[in-house]
Amino acid sequence: QVQLVESGGGLVQPGGSLRLSCAASRSIFSSNAMGWYRQAPGKQREYVAHITSGGSTNYADSAKGRFTISRDNAKNTVYLQMNSLKPEDTAVYYCNKIIHPNSWGQGTQVTVSS
């Protein structure tokens, strides 16, 4: 059963932008803080940003000033707008609940390269 579906990744040049989407099941999304995570080759999965059910946001230092997380409760969807992308942003990006995360989805690949 697929409950988290990430999309919107791709290949972009440094300085470019992407908007990632995470479509979650109602049971996962409703009343839950949702987050974005990423895993680069050879590295542990790391926290990027999250947004509470009430709309409060938080960002990792690496994302501050460049990324914006948002959510559409009516669509059970979380977004990550990524601007001024850097090669070190290259990773597979995942979404999940912040507390008691579900099984991880397939993620969406973001590659920043010239």
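Numbers for residues simply follow the sequence, beginning at 1. All values reported here derive from a predicted model rather than from experimental measurement.
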Starting at [atom1] of [X], measure out to [atom2] of [Y] and round the result to the nearest 0.5 Å.
X	Y	atom1	atom2	result
Leu18	Phe67	CG	CZ	9.0 Å
Arg19	Met82	CZ	CE	11.5 Å
Ser30	Asn76	OG	CG	7.5 Å
Thr77	Met34	OG1	CE	9.5 Å

Quick check: closest heavy atoms across [X] and [Y], and the distance to 0.1 Å?
X	Y	answer
Ala91	Ala40	CB-N, 3.7 Å
Arg66	Asp89	NH1-OD2, 2.7 Å
Tyr59	Ile69	OH-N, 2.9 Å
Ser113	Pro14	C-CD, 3.7 Å
Leu4	Ala24	CD2-CB, 3.8 Å
Ser84	Ser17	N-OG, 4.3 Å

Inset, instruction - State whether the number of non-hydrogen atoms from other residues, nucleotides or ligands found under 6.0 Å of Gln106 atom CD is greater than 12. - result: no
Inset, instruction - Give a yes or no on this: more than 12 heavy atoms of other residues, nucleotides or ligands lie within 6.0 Å of atom CD of Glu88. - result: yes
Going hydrophobic residue to hydrophobic residue with side-chain gaps under 4.5 angstrom, can you get from [X] over to [Y]?
X	Y	value
Val12	Tyr93	yes
Ile28	Ile51	yes
Tyr47	Val110	no
Ile99	Tyr37	yes

Answer yes or no: is there a donor N or O on one side and an acceptor on the other, between the side chain of [X] and the main chain of [Y], under 3.5 Å?
X	Y	answer
Ser114	Gln13	no
Asn96	Asn102	yes
Gln109	Gly9	no
Tyr94	Glu6	no
Arg71	Thr52	yes

Please examine the side chains of [Y] and [X], heavy atoms only from C-beta on, and report whether any two atoms are closer than 4.5 Å.
X	Y	answer
Val78	Phe29	yes
Ser21	Lys75	no
Asn32	His100	no

Inset, instruction - Answer yes if the side chains of Ser25 and Ser27 hold a donor-acceptor pair under 3.5 Å, and no otherwise. - result: yes
Inset, instruction - Would you mind checking if Lys64 and Asp61 are paired as a salt bridge, meaning a charged N to carboxylate O distance below 4.0 Å? - result: yes
